[in-house]
Amino acid sequence: MDSANDGAAAVITVVVADDQTIVREGLTTVLSLLPDIEVVGEARDGAEAVELVHRFAPDVVLMDLRMPVLDGVAATAAITAEHSGTAVLVLTTYADDESIAGALRAGARGYLTKDAGRREIATAIRAVAGGQATFAAEVGQRLVASLSAPAAEPVTSAAVAELGLSARELDVLTLIAQGHNNSEIAKELFIGVSTVKSHINSLFAKLHVRDRPQAIAQAHRLGLS
């Protein structure tokens, strides 16, 4: 942004991640027409999206869900865990409960479907860049319905004992399922980030999972999310 013009709005930097070239290039073209949005990179899969976030630290990633190499949910989890300043806005064909829940648990701040118009996409990008959550109408209706559903049964002490998780590991797993990154977990539990990482390594081993998305899935089955 040109600092000489104090009245100018800040430019929002965006990475577009979609495995379909025509969709990716179309989104880039549309967004490039907006004076307050700059596309700094295009990713063909989730792994490239994570790499571009490491390189450019964009304000927003416009993330498809179904992509090769690394899917959008896993990429979102990786990005939100290490780059708290980058917001993920999902833009996908799918609006089923599983896709929505997976994306939100991974830390996505917004969720749109691909029938969204350019104005809706631009408005959503500005919203998530400003720290707000935003959802397509259909997604919002599903979220309201899920909040109205009966709560899951709480995790019993027997279940915890069977898994071998300590009380602190259970706390960490719960916060992971809620989309918190390591720094946020450390602040919430008043412990160091290195201690958080130690707990995560331990609970991953006990749950027989390799990464955050798998741990989130386990937490969901336990009713922790």
Side-chain angles (χ1 to χ4, degrees), residues 12-32 34 37-140 142-143 176-181 211-214 216-217:
I12 300 168
T13 53
V14 177
V15 163
V16 176
D18 198 296
D19 62 325
Q20 296 183 25
T21 302
I22 191 169
V23 173
R24 190 174 63 250
E25 292 181 350
L27 287 168
T28 297
T29 298
V30 168
L31 295 176
S32 296
L34 301 172
I37 295 177
E38 177 187 2
V39 177
V40 295
E42 297 180 22
R44 296 168 295 182
D45 55 60
E48 284 192 359
V50 173
E51 180 183 347
L52 288 174
V53 170
H54 286 318
R55 187 185 309 171
F56 297 114
D59 299 307
V60 177
V61 177
L62 196 56
M63 181 78 74
D64 189 19
L65 287 186
R66 308 291 172 85
M67 294 186 292
V69 185
L70 189 70
D71 66 32
V73 170
T76 296
I79 290 167
T80 57
E82 302 297 333
H83 299 273
S84 59
T86 297
V88 175
L89 172 61
V90 170
L91 181 64
T92 181
T93 304
Y94 307 95
D96 58 280
D97 291 345
E98 183 178 354
S99 296
I100 295 169
L104 296 186
R105 290 193 190 95
R109 194 174 293 169
Y111 197 111
L112 299 179
T113 57
K114 286 185 176 177
D115 59 357
R118 59 183 179 180
R119 288 185 180 178
E120 185 178 359
I121 294 172
T123 298
I125 288 174
R126 295 177 184 122
V128 298
Q132 303 174 38
T134 184
F135 307 101
E138 178 184 355
V139 175
R142 286 183 174 273
L143 289 173
I176 288 174
Q178 292 172 356
H180 294 285
N181 60 36
D211 51 34
R212 257 179 155 82
Q214 290 182 349
I216 289 169

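None of these values were measured; they are calculated from a predicted model.
With a 4.5 Å cut-off on side-chain heavy atoms, Glu42 and Thr28 count as touching. Counting only heavy atoms from C-beta outward, the side chains of Phe135 and Leu104 approach each other to under 4.5 Å. With a 4.5 Å cut-off on side-chain heavy atoms, Val14 and Val61 do not count as touching. A heavy-atom distance below 4.5 Å is not found between the side chains of Glu82 and Val53. You'll find the side chain of Leu31 reaches within 4.5 Å of the side chain of Val16, heavy atoms only. Contact annotation: the side chain of Met63 never approaches that of Asp18 to less than 4.5 Å [non-hydrogen atoms, C-beta and beyond]. Here the side chains of Asp45 and Leu70 are not in contact, with every heavy-atom distance at 4.5 Å or above. By the 4.5 Å heavy-atom criterion applied to side chains, Thr92 and Tyr111 are counted as neighbours.
Of all non-hydrogen atoms in Leu52 and Gly41, the two that sit nearest each other are CD1-C, 4.0 Å. Heavy atoms only, all atoms of each residue included: Ala17 and Ala49 are closest at CB-CB, 3.9 Å. Closest heavy-atom contact between Thr113 and Leu91: O-CD1, 3.4 Å. When all heavy atoms are compared, the tightest approach of Val90 to Ala103 is CG2-CB, 3.9 Å. Between Gly107 and Thr80, the closest heavy-atom pair is O-CG2, 3.6 Å. Smallest separation of non-hydrogen atoms from Ala136 and Leu112: N-CD2, 3.8 Å.
Lys114 NZ to Ile121 CD1: the interatomic distance, rounded to the nearest 0.5 Å, is 10.0 Å. Here the CG-CD1 distance, from Leu34 to Ile125, works out to 8.0 Å after rounding to the nearest 0.5 Å. With rounding to the nearest 0.5 angstrom, the OG atom of Ser32 is 10.0 Å from the CG atom of Leu27. Separation of atoms CZ (Arg24) and OG1 (Thr29) is listed at 11.5 Å; rounding is to 0.5 Å.
Among residues two or more places apart in sequence or in another chain, the salt bridge (charged side-chain N to carboxylate O under 4.0 Å, His left out) test is passed with Glu38 by none.
Without hydrogens or angle criteria, Arg105 side chain to Ile216 main chain gives no donor-acceptor distance under 3.5 Å. Remark: the backbone N or O of Pro58 is paired with a side-chain donor or acceptor of Thr86 at under 3.5 angstrom. In this structure a side-chain-to-backbone donor-acceptor pair under 3.5 Å is missing from Arg212 to Ala77.
Counting only residues at least two apart or on different chains, the side chain to side chain donor-acceptor pair (under 3.5 Å) pairs with a member in residues 116-136 are Asp36-Arg126. Every pair passing side chain to side chain donor-acceptor pair (under 3.5 Å) that includes a residue from residues 56-67 is listed here, sequence neighbours excluded: Thr13-Asp59, Arg66-Ser99.
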Steps toward side chain to side chain contact (heavy atoms under 4.5 Å, CB included) verdict (Val39, Val15)
CA-CA 6 Å; Val39 177; Val15 163; over 6 Å; no
